[in-house]
Undergrad: 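Got a structure for you, questions after.
Quick note on labels: first sequence line is chain A, next is B, and so on, each numbered from 1.
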Number of protein chains: 2
Amino acid sequence: MNAVKPRYQQLKDLIIHRISTGELQPSDRVPSEYELVEAMSVSRMTANRALRELNDEGYVKRIAGRGTFVSDFRSQSHLLEVQNIADEIAGRGHSHSCTVIRQSRQHARGEVARALHVEQGTDVFHLQLVHHENAMPIQVEDRHVLASFAPDCLEQDFEAVTPSAYLTAVAPLQEAEQIVRAAMPNGAIRAQLKIDEGEPVLVVIRRTWSKGRPVTFARLQHPGSRYEMTGHYTPPGRPRSTSADVVQLEQLKQ
Amino acid sequence: MNAVKPRYQQLKDLIIHRISTGELQPSDRVPSEYELVEAMSVSRMTANRALRELNDEGYVKRIAGRGTFVSDFRSQSHLLEVQNIADEIAGRGHSHSCTVIRQSRQHARGEVARALHVEQGTDVFHLQLVHHENAMPIQVEDRHVLASFAPDCLEQDFEAVTPSAYLTAVAPLQEAEQIVRAAMPNGAIRAQLKIDEGEPVLVVIRRTWSKGRPVTFARLQHPGSRYEMTGHYTPPGRPRSTSADVVQLEQLKQ
DNA sequence: CTCAGTAGGTTGTATATACAGGTTAGTACA
DNA sequence: TGTACTAACCTGTATATACAACCTACTGAG
């Protein structure tokens, strides 16, 4: 249980810690191999292994001849998949806008408390937003955030910065779990998404961890006729990417 | 363009090639570091790096003191996600059964030809199946398979072995692309899935690659009320897994 | 001022060596 | 027979060293 970790792992942990505490910001320069040799009294090969693995794992980006730099949100977030609807829409060259329906403090109960692994009555923030792509509603976001995780959540202007972007700025989101289903929306959702009666929604329920505990729980609903998730899976070791897109899919016969 | 690859990468490519051709079967022993030193005239550190990275990438499993072994299908297939509905159902401890609606040879046209990157008129097999979980229909599978990829496709008994299992046995499926959407089913699908009018389906359109080219294209439809996809995302470097499940989700309020 | 060349720092790879620790099979001893 | 030990092999880690390739900034020549 208390096994001593290998040196290269200690180096990795040290640097990951500096990144997760914000001491090292995205695009900041990470100590070079020789600096680690000096500072940590290891051989360069050990420092090299630590930095190389951090590079493989997406934490940092190494450039031969220049140095090692903390990955920016874009490249380190391949694990977060399609966390940020605004980026997704921007990637399509469309304009994103957002309307805040609700932004309040609540006491977690029932489902929310269980999802966030907290006692009933724990402080949480409750957000409800409608995201638009080119003025067309594309997502209703219903999110609960652990108050202790993001204390200044009520002061944020979520029409300017999406909750996803805000939350990843507060602390790195390290793990996510999601459920995808098809469902029929209720009347409120149907009105918010401006969809016809009888049209289904794609529902994504996502729970995200930071520092080992769940910190936010969101239910995202998209109009079935205007939204689809796309994913791309490559073998381990090769670059992996996943994105969502509103492609005008050529209709399959039948 | 023709840059010479580093030695350790050559070793990795060699071993991956042996695995993908079937020369090395799951749980087979991979040459040890010293054997690679002898056979390939590299230093042990280089052989070590190749095998260690293959281990990190899930291709092999290394056991100190014993050796290096090819990962079995289960652990190397984390990239294939939920390819096989039968395994998914078995994982829930339920019984899986399957009805073949159609199993025929066709000429690819339109959408199918484009998806498989072949000329119009190329030979493909067309499969239509209904999968049941505990006698309840859970998926309608409409799949096209490149005939040249799996020539004996018409002789298979897909009520015994699912197309996914069969295809992965023919050759390793190495890459996948999928689109997930919510839609309303047509009458035939609604009948096959035994769902009520007004109930949506979760549609998964998946295209799978082997040896660099798309070999199969499937449209999977699930009843929205009885099926959901679940995914779990962990940071790169940590074990990654994704599965689907029919959880009786505690209903979110609203 | 402009541009070519260069020095120095940085990563990328490769090797030889060493020791620690796990696993297995066989051997020697009781 | 049975058990303890050992030899052989394997992976895991760590170090020192070397050379190549890349990038930046500076310097000196024109």
Undergrad: E53(B) has an atom CD; how far is it from atom P of dG12(D), in whole Å?
TA: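 Taking atom P of dG12(D) as the reference, CD of E53(B) is at 13 Å.
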Undergrad: With R49(B) as the cation and Y8(B) as the aromatic partner, state whether NZ or CZ is under 6.0 Å from the six-membered ring centre and within 45° of the axis.
TA: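 Geometry flag: set, cation within 6.0 Å and 45°.
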Undergrad: Less than 4.0 angstrom between a side-chain N/O of R62(B) and OP1 or OP2 of dG12(D), yes or no?
TA: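 So the side chain of R62(B) is within the cut-off, an N or O lying under 4.0 Å from OP1 or OP2 of dG12(D).
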Undergrad: Measure from CG on L11(B) to P on dT13(C) and round the result to the nearest Å.
TA: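 Result: 13 Å.
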Undergrad: Using a cut-off of under 3.5 Å, enumerate the N/O to N/O pairs linking the protein to nucleotides 17-24 of chain D.
TA:
from: dA18(D); atom 1: N6; to: R44(A); atom 2: NH2; distance (Å): 3.0

Undergrad: Rounded to the nearest angstrom, tell me the gap between atom CD in E35(B) and atom C1' in dC10(D).
TA: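 Rounding to the nearest Å, CD of E35(B) and C1' of dC10(D) are 10 Å apart.
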Undergrad: Just how far, in rounded Å, is P of dG12(D) from CG of L54(B)?
TA: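 L54(B) atom CG is separated from dG12(D) atom P by 12 Å.
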Undergrad: Looking at the side chain of Y8(B), which of dG12(C), dT13(C), dT13(D) is the nearest nucleotide?
TA: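 The answer is dT13(C).
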Undergrad: Test S164(A) against R143(A) for side chain to side chain contact (heavy atoms under 4.5 Å, CB included), laying out the working first.
TA: CA-CA 10 Å; S164(A) 289; R143(A) 182 183 294 273; 3.6 Å; yes
Undergrad: Rounded to whole Å, how long is the line connecting atom NZ of K12(A) with atom P of dT13(D)?
TA: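 So the two atoms are 10 Å apart, to the nearest Å.
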Undergrad: Using atom CZ of R7(B) as one end and atom P of dT15(C) as the other, report the distance to the nearest whole Å.
TA: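 Whole-Å distance recorded here is 7 Å.
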Undergrad: Does dC9(D) have OP1 or OP2 sitting under 4.0 Å from an N or O in the side chain of S32(B)?
TA: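 So the side-chain polar atoms of S32(B) never come under 4.0 Å of the phosphate oxygens OP1 or OP2 of dC9(D).
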Undergrad: Start with the C-alpha distance between R219(A) and E141(A), add both sets of side-chain angles, then the distance that settles salt bridge (Lys or Arg N to Asp or Glu O under 4.0 Å), and finish with yes or no.
TA: CA-CA 6 Å; R219(A) 182 192 184 91; E141(A) 174 173 3; over 6 Å; no
Undergrad: Ignoring hydrogens and angles, tell me if any N or O in the side chain of T216(A) forms a donor-acceptor pair with the backbone of H144(A) under 3.5 Å.
TA: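 Answer holds: yes.
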Undergrad: Using a 6.0 Å distance limit plus a 45 degree cone around the ring axis, check whether R44(B) lies over the aromatic ring of Y34(B).
TA: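 Judged by the rule (NZ or CZ under 6.0 Å from the ring centre, within 45° of its axis), R44(B) counts as positioned above Y34(B).
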Undergrad: With a 4.0 Å limit, can you tell me whether T68(B) has a side-chain N or O closer than that to the phosphate oxygens OP1/OP2 of dT11(D)?
TA: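 Yes, within the criterion.
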Undergrad: Tell me whether E53(B) is salt-bridged to R52(A), with the criterion being a basic N under 4.0 Å from an acidic carboxylate O.
TA: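 Yes, E53(B) and R52(A) are salt-bridged.
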Undergrad: Using whole Å, what does the distance between atom C1' of nucleotide dT11(D) and atom CZ of R29(B) come to?
TA: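 Answer to the nearest Å: 11 Å.
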Undergrad: Find which nucleotide of DNA chain D each of S43(A) and N55(B) is nearest to by heavy atoms, and output the residue with the more 5' nucleotide.
TA: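 Its nearest nucleotide lies further toward 5', so the answer is N55(B).
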Undergrad: Which nucleotide in the list dT11(D), dG12(C), dT15(C) gets nearest to the side chain of V42(B)?
TA: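 Looking only at side-chain atoms, V42(B) lies closest to dT15(C).
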Undergrad: How about H96(A) and H131(A): are their ring centroids closer than 6.0 Å?
TA: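 Yes.
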Undergrad: Without decimals, in angstroms, what is the distance between E38(B) CD and dT15(C) P?
TA: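 It works out to 13 Å between those atoms.
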